[in-house]
Amino acid sequence: MAHLQACFLNIFKASSLLILLYYPTIVTCECTCEVGDLEHSKGEALKFKLGSILSILVAGAIGVSLPLLGKKIKAFRPENDVFFMIKAFAAGVILATGFIHILPDAFESLTSPCLNQDLWGHFPFTGFVAMMSAIGTLMMDSFATGFYKRMHFNKNKTVDTTDEETAGQEHEGHVHVHTHATHGHAHGSASLNEDLALSEMVRRRVISQVLELGIVVHSIIIGISLGASGSPETIKPLMAALSFHQFFEGLGLGGCITQAQFKSASMAIMATLFSLTTPLGIAIGIGISNIYDERSPTALTVEGIFNAASAGILIYMALVDLLASDFMSPRMQGNFRIQLGANVSLLLGAGCMTFMVKWA
């Protein structure tokens, strides 16, 4: 009996020792919300950050400018078949950016143990914010398009009434009734075609502006995160991934701007804003890197909400305004070669951006 008690005592001591040995490991598996102890070379990290600013600026500027130079480059003209495939590839990049890059980051931020779990742990805020962002984008898209159409058509109605009164005065006393009626019919047909073309142009303009809004929001967040990072090992792959991302995202936005037929000054402003947004975010991140704590509750909350909102905007824009409008157009539906090429380009764009998640 004494021997049995001694055995149990030895087992208890061994178990206690194992618990004590493994307890620190169990604790460190949880988020402690503490800044890591690793010392990173700030000088080396700064070099890569400055290199990132230059690389991303050049990639974004080239990407957004290529479609705007359609008069010089035949493949980037909207009436060219290749343009559909380039735009589908860029839309695939934007779609994968929303689903694969931004939305998971938002989930990670808003479900972090560093946040108050009583507030953030019992409701799927990430999905809710993304959903409301997509619905808000739809509403803004609809209201803005309707507003611009009503404004223009009311203006046209006033002009048409004035023209009819003038034409009536000019034809008063004339007997060429048939000729005048024929002229009026031709004028009405031309006016209808002009209204349809203008309606499409207004739609394209709203699409390009809303798309740029979504891109700008997430580009600022990405730039600040990169600029505030102190690890060269983190910055180096991000620099390559973001340059690739910025180039093809610029292609998609540039294609929308081209189809919207903005004036040259407006095109230049939108292209410049897109090109500068991420580098500006990196510069802000560098400036606040000494005081910025990416694991603080405030940083996690702001970053998570903005990322979720950006994901909702980009997913909606990619599926509804970029892909659906082109894939359901009579031109693509009537040409199997364009249809096949656009579908393959879409899969390639989404696949390439998905593959980039390994480094970003």
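No experiment lies behind these values; they were computed from the predicted model shown.
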Is any side-chain heavy atom of I100 less than 4.5 Å from a side-chain heavy atom of L95?
no

Report the distance from atom CD1 of I221 to atom OG of S310, rounding to the nearest 0.5 Å.
7.0 Å

When rounded to the nearest 0.5 angstrom, what is the spacing between OG in S133 and CZ in F306?
11.0 Å

Is it possible for you to say whether L213 and M270 belong to one hydrophobic cluster, with membership spreading through side-chain heavy-atom contacts below 4.5 Å?
yes

Write down the atom of V129, the atom of I305, and the distance for their closest heavy-atom approach.
CG1-O, 3.7 Å

Identify the heavy atoms of L211 and C256 that sit nearest to each other, and give their distance.
CD2-SG, 4.0 Å

Under 4.5 Å between side-chain heavy atoms, counting indirect links through other Ile/Leu/Val/Met/Phe/Trp/Tyr residues: same cluster for F336 and V344 or not?
yes

Looking at D81 and R331, is any side-chain nitrogen of the basic one under 4.0 Å from a carboxylate oxygen of the acidic one?
yes

For F128, check ring-ring contact (aromatic ring centres under 6.0 Å, His included) against everything at least two apart and list the hits.
F123

Between V320 and D141, is a side chain to side chain contact (heavy atoms under 4.5 Å, CB included) present by the stated rule, with each step listed?
CA-CA 11 Å; V320 178; D141 206 353; 5.6 Å; no

Atom pair CD1 (I288) and CD1 (I224), whose distance is rounded to the nearest 0.5 Å:
5.5 Å

State, to 0.1 Å, how close P104 and F99 come at their nearest heavy-atom pair, and which atoms those are.
CD-O, 3.1 Å

In the hydrophobic clustering that connects Ile, Leu, Val, Met, Phe, Trp and Tyr at side-chain heavy-atom distances below 4.5 Å, which members other than L57 occupy its cluster, ordered by chain and number?
L276

Any link between L138 and M317 through a network of hydrophobic side chains (Ile, Leu, Val, Met, Phe, Trp, Tyr) touching at under 4.5 Å?
yes

May I have all residue pairs that pass side chain to side chain donor-acceptor pair (under 3.5 Å) and include part of residues 89-99, sequence neighbours excluded?
T97-H245

So I215 and F274, do their side chains get closer than 4.5 Å, heavy atoms only?
yes

Heavy-atom donor-acceptor pair, S329 side chain to D326 backbone, under 3.5 Å:
yes

Let me see the working for V93 and F247 under side chain to side chain contact (heavy atoms under 4.5 Å, CB included), right down to the final yes or no.
CA-CA 10 Å; V93 169; F247 176 79; over 6 Å; no

Between I313 and V210, the two heavy atoms sitting closest are CG2-O, 4.1 Å

Verify, without hydrogens or angle tests, whether E303 (side chain) and T301 (backbone) share a donor-acceptor contact under 3.5 angstrom.
no

Return the CD1 to CG distance between I56 and L226, rounded to the nearest 0.5 Å.
6.0 Å

The complete set of side chain to side chain donor-acceptor pair (under 3.5 Å) pairs with one or both residues in residues 259-268, sequence neighbours excluded, reads K87-Q259, R204-Q259

Hey, mind stepping through V206 and M140 against side chain to side chain contact (heavy atoms under 4.5 Å, CB included) and telling me if it holds?
CA-CA 9 Å; V206 172; M140 183 166 58; over 6 Å; no

Can you check whether A311's main-chain N or O pairs, donor with acceptor, with H101's side chain at less than 3.5 Å?
no

ILVMFWY network linking F83 to M85, side-chain heavy atoms under 4.5 angstrom:
no

Donor-acceptor under 3.5 Å (S55 side chain, G51 main chain)
no

side-chain contact (heavy atoms from CB on, under 4.5 Å) partner of I222, chosen from L242, V217, T277:
L242

Mind checking whether E249 and H218 have side chains closer than 4.5 Å, heavy atoms only?
yes

For C114 against P297, the heavy-atom pair lying closest together
O-CG, 3.8 Å

Just to verify, what does F89 make a ring-ring contact (aromatic ring centres under 6.0 Å, His included) with, not counting sequence neighbours?
F248

Run the numbers on F262 and I257 for side chain to side chain contact (heavy atoms under 4.5 Å, CB included), then give the verdict.
CA-CA 7 Å; F262 283 105; I257 294 173; 4.0 Å; yes

Note, M239 side chain near F244 side chain (heavy atom, < 4.5 Å):
no

Under 3.5 Å, which donor-acceptor pairs do the side chains of residues 61-69 form with other protein atoms, sequence neighbours left out?
| residue | atom | partner | partner atom | Å |
| --- | --- | --- | --- | --- |
| S65 | OG | A61 | O | 2.6 |

Are any of the side-chain heavy atoms of P124 and F107 separated by less than 4.5 Å?
no

Crowding at CZ, F125 (>12 non-hydrogen neighbours, <6.0 Å)
yes

Under the 3.5 angstrom rule, does the side chain of S112 hit a backbone N or O of S109 as a donor-acceptor pair?
no

Is there a path of hydrophobic side-chain contacts, each under 4.5 Å between heavy atoms, that joins L280 and I269?
no

Of the non-hydrogen atoms in L346 and G92, which two are nearest, and what is the gap between them?
CD1-CA, 3.6 Å

To the nearest 0.5 Å, tell me how far T111 OG1 sits from Q117 CD.
8.0 Å

Residue that, paired with L314, satisfies side-chain contact (heavy atoms from CB on, under 4.5 Å) out of L319, L103, I94
I94

